[in-house]
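Working notes, beginning with the structure itself.
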Amino acid sequence: MIKLHDKNFKPFVSAKEIDAALQRMVDEIAKDVGDEIPVFVGVLNGSFMVVSDFVKKYPNPCEVTFIKLASYEGVKSSEDIQRLIGLTQDLTGRTVIILEDIIDTGKTLFEIHRIFKNEKVKALKIATLFYKPEAYKKDFKLHYIGIEIPNKFIVGYGLDYDGLGRDLPEVYQIKQTQHMTNLVLFGPPGAGKGTQAEFLKEKYNLVHISTGDVFRYNMKNDTALGMLAKSFIEKGQLVPDQVTIDMLNAEVEKNADAKGFIFDGFPRTNAQAEALDKLMDSKDSQINAMIALEVDDEVLVKRLLERGKTSGRKDDADETVIRNRIKVYYDETAILKDYYAAQNKYFGVDGIGGIEEITERLSAVINKL
Ligand code: AMP
C-alpha cells in the first residue's frame, strides 16, 4: 500500500500486466497499419509513459507527437472548459492514432474529435491503455483497448492524484477508508433472522439484505429473476448460486454509501461465501462476523406453520416443504459454520426466548466486534 497526500492506494495493475497489455495493443495496431507510417499522438500529461513504452515496442517506423489538454474557466458560465493545444503539424492524409492513458467519461475524446474534424486526416483511431466502461458517457468508437477497469480512481504509470504518483511504474487503486460493519445473520428457516435484522439495522444503522425477500419481491412482480427463482423456492430448494450471487452483488452496489450490511439468508453455500468475501474485498472491507441463531428443529416447524397462517408464503404453509428447507439447511448451509469458524468469525446465539431478549444477546456479540 502507498500513501499520496491524504489517501491510501493499493496495488492494482502490475508493471508486467501493463507491459503485456501494451504489447497486445502494439501487435494489433502494427497489423492494422501495415506499411504506412502512422502518427502517434499522446495526450499530456498522463500519456507520457504509455507513449514512451508503446513506441519503443512498435516494430515499424512511426512519428510521435503530443497534444495537451488545457483547462480554463468559461467566459459566460462557471463551467470548466477544456481545449487541446499543441497540434501544429500538418496531418493531411495521415493515419493518426491517439494514444491515451485512460478513457473514463470521454470528455477529452470529445475535444479530440472536435479538433480533428477540421484536419483532413486519412484515419483517426483511438487507443487507450485503460478504459472505464461504467463511466464512459460518449459513443465515439474506441479502436484499441488495453485493460478494462471498474469505475474507481487509479494512480501511477502517468496518472496522478493531485500531482503525485505519475512516476510509479505500476498502477494503484484508491482504498476506501470508511469503516464498515458487515454481519451475516445465520440460522435455519424460522430462527427469527428477519425479525432480528429489523431491530439490528436500526440500532447499528446498517442496510438489511434478505435474499429471500428480494426473491419474493421479484416473484410478486413477475420479473425474469422472479420467474426463474419461483420453481426452486416453491419446492424449498436453493436457487442456483450464480443467479443468487449476481442478485446479491447488485443489491450491495445499490447501497454504495452503506455503513455496513446485515446479510440475511446469504450466503447459503460455500460458493456464495467465497463470492461474498470477494465482494467485500472489492469494497476494501470484510465480513466481521457470522452470528447464528440456534433453534431446535421442532420449534422451527411449529413457528413456520404458525407464520404460514398469516404470511401468505406458500413455502411456510406446507410441512413437507418446511422440513425440506430445514434439511437443505443442514445438508448444504450448515457447513458454512466451519467456513467462518476457521476465521474466528462464528458466534452462536441461543434463538429461543423473547424477541427483545434475543436482540440483546445479538447486540452483546456485535458490540464486542
Ligand atoms: P428465506 O426467506 O431466507 O427462507 O428464503 C426463501 C427461499 O428463497 C429459500 O428456500 C430459497 O429457495 C431461496 N433463497 C433465499 N436465499 C437464497 C440463497 N442465498 N441461495 C439460494 N437460494 C436462496
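Note that ligands are numbered from 1 as they come in the structure, with each ligand's atoms numbered from 1 the same way. When reading the values below, keep in mind they use all heavy atoms of this one structure, side chains included, and skip hydrogens, waters and symmetry mates.
Atoms of ligand 1 found under 4.0 Å from any heavy atom of R216 (numbered from 1 in listed order, with element): 2 (O), 6 (C). Annotation for ligand 1: atoms under 4.0 Å from non-hydrogen atoms of R325 are 4 (O). Close approach of ligand 1 to R313 (heavy-atom distance below 4.0 Å) involves ligand atoms 1 (P), 2 (O), 4 (O), 6 (C). Below 4.0 Å from some heavy atom of Q237 lie the following atoms of ligand 1, by number and element: 11 (C), 12 (O). The atoms of ligand 1 that sit less than 4.0 Å from any heavy atom of Q272 are 18 (C), 19 (N), 20 (N), 21 (C). Ligand-side atoms of ligand 1 in range of T244: 18 (C), 19 (N), 20 (N), 21 (C), range being under 4.0 angstrom from any heavy atom. Listed by number with element, the atoms of ligand 1 under 4.0 angstrom from any heavy atom of T211 are 15 (C), 16 (N), 17 (C), 19 (N).
A donor-acceptor distance shorter than 3.5 angstrom exists from the side chain of N255 to the backbone of E251, with no hydrogens or angles considered.
Under 4.0 Å from ligand 1, not a single heavy atom of E234 appears.
Looking only at protein heavy atoms, the nearest one to atom 15 (C) of ligand 1 is R268 NH1, 3.2 Å. Of all protein heavy atoms, the one closest to atom 13 (C) of ligand 1 is I233 CG1, 3.7 Å. For atom 23 (C) of ligand 1, the closest heavy atom belonging to the protein is F215 CE1, 3.7 Å.
Open room surrounds NZ on K314; 12 or fewer heavy atoms of other groups in view lie less than 6.0 Å from it.
Residues K138 and F110 share a closest heavy-atom pair of CE-CB, 3.7 Å.
To the nearest 0.5 Å, atom CG of residue D264 and atom OG1 of residue T211 are 7.0 Å apart.
Among pairs with a residue in residues 246-268, those fulfilling ring-ring contact (aromatic ring centres under 6.0 Å, His included) read F261-F263, at least two apart in sequence or across chains.
At least one N/O-N/O distance between V239 and ligand 1 falls below 3.5 Å.
Residues satisfying the side chain to side chain donor-acceptor pair (under 3.5 Å) test with K125, not counting sequence neighbours, are none.
The aromatic rings of Y58 and F40 stand perpendicular to each other, their planes meeting at an angle above 60°, with 30° marking the opposite boundary.
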Subject >> Chi angles and distances behind the ring-ring contact (aromatic ring centres under 6.0 Å, His included) call for Y329, F186 >> reply: CA-CA 10 Å; Y329 174 78; F186 199 61; 5.6 Å; yes
